[in-house]
Every structure is written in C-alpha cells, then in structure tokens.
Amino acid sequence: MKSKKLLVIGLTWPEPTATAAGVRMMQLIEIFKKYEFETIFVSAASKTEHSQDLEAMGIATNHIKLNDASFDALIKELQPDIVLFDRFLTEEQFGWRVSECCPEALRILDSEDLHSLRHSRENCFKKGIPYTEAHWLQDDRTKRELASMLRSDLTLVISSYEMELLQQTARIDASLLWHLPFMYDAISQQNDWPEFEARRDFLFIGGGLHAPNVDAIKHLEQDIWPKILARISNAKCYVYGAYLPDAVTKLHNPKKGFYVRGRARSVSEVMKMARVCLAPLRFGAGIKGKLVDALLNGTPSVTTGIGAEGMHCALDWNGFISETQDDFIDKAIELYTDKTVWQKAQDNGIQIINTLYQKTSLETSLMDRITEVSESLATHREHNIMGRILEHHTVQSTKYLSKWIEEKHKNK
C-alpha cells in the first residue's frame with residue numbers, strides 16, 4: 001500500500017526550544033509521523049543553530065525560493081496528499097501554486113495564533129485606545145488572514161476564544177475550522193515536581209522576537225516588580241527568553257533582584273524551580289507557551305485576561321487572572337506566600353492539562369476529521385463558495401504579484 005505524503009511549508013524552521021510556534025509545528029509533524037505519513041518539510045527561511053534537526057527524525061527537507069517557479073517543479077514531483085501551511089503568510093505565497101500544480105491535495109492551514117488579532121490589539125495598545133472586535137474586522141491583515149482560511153480546506157485553530165471569534169464575528173463556516181490546542185500526555189498526581197518550600201523566586205519566560213513578550217518584560221520591570229520587591233524584600237525575578245533585544249537585556253539589575261538570563265538551557269528545569277510564573281501580557285493572541293509550560297511543570301501563574309484567553313474554558317485557572325496592576329501585584333504575593341493557595345492553583349493546572357490538552361484524544365479526532373474531509377473533498381469544496389470565489393483569477397493579487405516579481409528576477 002502506497003504511503004501517504006505530507007508536505008509542510010514552514011514560515012520558519014522550527015525551534016521548539018525557543019518558541020511556542022516551534023513546539024506547535026513539531027507536535028503536528030509528530031502526529032503525521034505516528035500515522036505513517038511520509039513527511040517533507042520545506043521553507044524559504046534560513047536555518048539557525050537552534051533549528052530542529054528534522055533529517056535526524058527521518059524527515060526530508062528542502063530550501064525553497066519565494067516567487068520562483070522552482071517550487072512548482074518540486075511539488076509536481078512530490079505529489080503530496082496533504083499540504084500543511086505554517087501560518088497564513090505561507091498560504092498567500094504558495095497556496096495558489098499548490099492549487100494549480102496539485103489540485104487534489106488537501107490544503108490545511110495552521111493559523112498558529114490569529115496574527116491579525118495580535119496585530120490589531122498591538123496597534124490599539126500603542127495608540128492608547130480600547131481594542132474592539134470592530135478594530136480587528138477593519139484591519140487589512142484580518143482580511144488577508146480570513147481570505148487564506150477560506151481558500152484552505154481546513155484551518156487548525158489553537159485557541160477556543162479564536163474559534164468563537166472566527167465563527168461568530170467573522171462568520172467562517174465551522175466545517176472549515178478545527179480546534180486543536182497544544183497536546184500533552186496526562187499529568188499524574190504523583191509527579192516529581194519540587195514542593196512549595198523547595199521553590200523560590202518569580203519567573204518570566206518568552207522569546208524576544210515576539211512583541212507582546214518584550215512589552216510584558218518592560219512592564220514587569222518598570223511597574224510591577226518594584227512593588228513586589230518592596231513587600232518581599234528577598235525575592236528575585238528571573239527573565240528567560242531566546243533572542244532578547246538590547247532593550248530587555250539592559251534591564252538586568254541584580255541590585256533590584258531583576259535578572260535577565262537569556263535563552264534557558266531547559267524551560268522545564270527553570271520553570272520547575274520557580275515558585276510563581278508572572279505573565280503581565282497586555283496584548284497578544286493564541287495560547288501562550290509560557291503559561292502552558294507553567295501548567296506542565298506545576299508552577300502557578302498570575303496573568304491577564306489576554307494571557308489566559310482560550311486556555312482553560314470554564315475550569316479554574318492555575319493561579320490568578322488579574323486585569324489591574326494593583327490586583328496583579330497582590331495576587332502574585334498571595335501565591336508566593338500562601339502554601340494552601342499555591343497548592344490549590346497547582347491542582348487546577350493538572351485539571352486543565354488533563355481535561356483540555358489530552359494528546360491521544362486530540363490526535364485521534366484530528367486525523368478522523370482529516371480523513372473525513374479528504375474522502376469528500378470535492379463536495380467539501382463545493383460548499384465553500386467563498387473559497388472558490390477567492391481562488392478566481394480576478395481576485396488573486398498575491399498570485400500575480402508573485403509572477404511579476406518572478407519575471408523581474410529573470411530579467412536581471
């Protein structure tokens with residue numbers, strides 16, 4: 001029996017030790033490997049020394065070019081059964097080529113988080129105006145991201161909040177969406193986590209290439225940490241993250257108990273030793289990797305509504321969700337000093353992971369849905385009339401811009 005073939009078009013090469021996006025991509029790849037898909041990963045980005053060694057996992061890789069017909073030749077040779085686009089930007093660049101060269105391939109978009117939502121919230125925050133869903137709908141990036149979803153056969157959505165937003169506000173048909181959060185094995189109550197007394201200090205972790213993280217670190221150092229330190233004089237706060245910019249590294253100040261450490265050798269190692277994870281996020285989208293790591297390592301957290309958004313449904317949070325600075329500080333101190341409150345928060349975290357992020361059931365339901373859509377692909381596409389409209393040549397601006405750039409390169 002001929003094995004099925006998956007082509008993954010990566011926006012970047014996955015770095016699971018540095019970004020939540022890298023973790024997400026590796027989880028998806030591992031699902032398809034488990035179901036015996038021959039997997040090929042390609043990207044137009046450059047690898048780094050921290051990129052996952054995909055070849056060592058038996059995954060073929062290739063570097064591709066933007067706006068270049070060499071991709072057409074590659075995909076015609078590969079003839080994949082499924083093409084997975086890593087975020088809407090790759091679908092914009094390569095979706096039309098896949099559609100023309102391999103029309104029978106199932107096209108799946110992994111939205112990662114809603115980039116347009118993060119972008120819209122950041123714009124509102126910088127302008128000092130309240131974010132509304134109307135701002136999101138009016139954003140040009142929203143129109144591009146929604147168009148990409150409509151052109152795709154199935155879009156994987158990581159956050160329950162974003163599923164609701166897409167269906168109720170943007171009116172995307174439910175048949176085109178699939179809720180798929182991060183996926184983990186169940187946590188046993190009998191684990192090897194350090195106890196309350198063995199842990200100390202506060203922690204923030206997040207990559208420096210992500211604007212919400214940079215803002216949160218600055219906010220933490222300037223507005224939150226001095227007030228925590230004034231009430232717990234021997235406490236320390238450690239900041240970890242890959243690719244931290246100079247604006248963050250210069251905040252390192254041991255005299256004030258604020259330590260900027262950079263890339264963590266092991267996220268689990270530093271998270272397990274911290275007593276409380278702080279995540280004062282003021283904008284962003286999707287599921288926050290730092291808060292998932294806190295759940296997985298029994299580390300209670302204090303965050304904002306945006307931080308916990310789409311992560312816990314109706315379950316109690318593994319700590320506190322605070323919308324004001326003073327409450328954030330009070331709750332951080334309460335978690336740090338009250339063992340009973342801390343242990344209840346830790347138990348809540350176990351419940352969240354074991355209820356909402358169950359790896360086996362999420363994997364099975366995803367593959368069942370992929371099989372279902374694949375077996376009725378023609379009918380599925382017929383029902384998606386907006387997707388077919390957006391594929392019509394008169395609205396394919398990205399296709400013809402790409403062809404124009406390609407011709408320009410030829411004439412150099």
Is the shortest distance from a Lys or Arg side-chain nitrogen in Lys5 or Asp81 to a carboxylate oxygen in the other one below 4.0 Å?
-> no
For Trp136, all residues meeting ring-ring contact (aromatic ring centres under 6.0 Å, His included), sequence neighbours excluded = none
Would Glu195 and Arg199 pass as an ion pair if we require N to O under 4.0 Å?
-> no
Side chains of Ser116 and His119: donor-acceptor distance under 3.5 Å anywhere?
-> no
Hey, is Asp192 close enough to Lys272 for a salt bridge, meaning N to O under 4.0 Å?
-> yes
Of Tyr161, Trp317, Tyr357, the one forming a ring-ring contact (aromatic ring centres under 6.0 Å, His included) with His312 is Trp317
Salt-bridged, Arg369 to Glu372, with N to O below 4.0 Å?
-> yes
Residues 16-25 vs side chain to side chain donor-acceptor pair (under 3.5 Å), sequence neighbours excluded, gives Arg24-Asp110
Short side-chain donor-acceptor distance under 3.5 Å, Ser111 and Glu162 = no
Are Thr299 and Asn297 close enough that a side-chain donor and a side-chain acceptor fall under 3.5 Å?
-> no
Indicate yes or no: does Glu38 engage Lys4 in a salt bridge with an N to O separation below 4.0 Å.
-> no
Please report the C-alpha distance between Asn213 and Lys288 in whole Å, then the side-chain angles of each, then the deciding distance to 0.1 Å, and finally whether the side-chain contact (heavy atoms from CB on, under 4.5 Å) criterion is met.
-> CA-CA 10 Å; Asn213 288 335; Lys288 316 308 181 294; over 6 Å; no
Could you check Glu391, Glu145, Glu91 and say which one makes a salt bridge (charged side-chain N to carboxylate O under 4.0 Å, His left out) with Arg151?
-> Glu91
Side-chain donor-acceptor contact under 3.5 Å, Lys344 with Asn348 = yes
Does Asp140 pair with Arg144 as a salt bridge, N-O distance under 4.0 Å?
-> no
Between Glu197 and Lys339, is there a side-chain N and carboxylate O pair less than 4.0 Å apart?
-> yes
Atom CZ of Arg263 with >12 non-hydrogen neighbours under 6.0 angstrom = yes
May I ask you to say whether Asp153 pairs ionically with Arg381, meaning some side-chain N is under 4.0 Å from a carboxylate O?
-> yes
Under 6.0 Å between ring centres, would you say that holds for Phe125 and Phe283?
-> yes
Residues Thr324 and Asp326: side-chain donor-acceptor under 3.5 angstrom | no
Could you label the plane-to-plane angle of the Tyr336 and Phe202 rings as parallel, tilted or perpendicular, counting under 30° as parallel and over 60° as perpendicular?
-> parallel
Run the side-chain donor-acceptor check on residues 236-251: report pairs under 3.5 Å with partners two or more places apart or on a different chain.
from   : atom 1 : to     : atom 2 : distance (Å)
Tyr243 : OH     : Glu15  : OE1    : 3.0
Tyr243 : OH     : Glu15  : OE2    : 3.0
Thr249 : OG1    : Asp246 : O      : 3.2

Over-ring placement of Arg121 relative to Tyr131, 6.0 Å and 45° cut-offs | yes
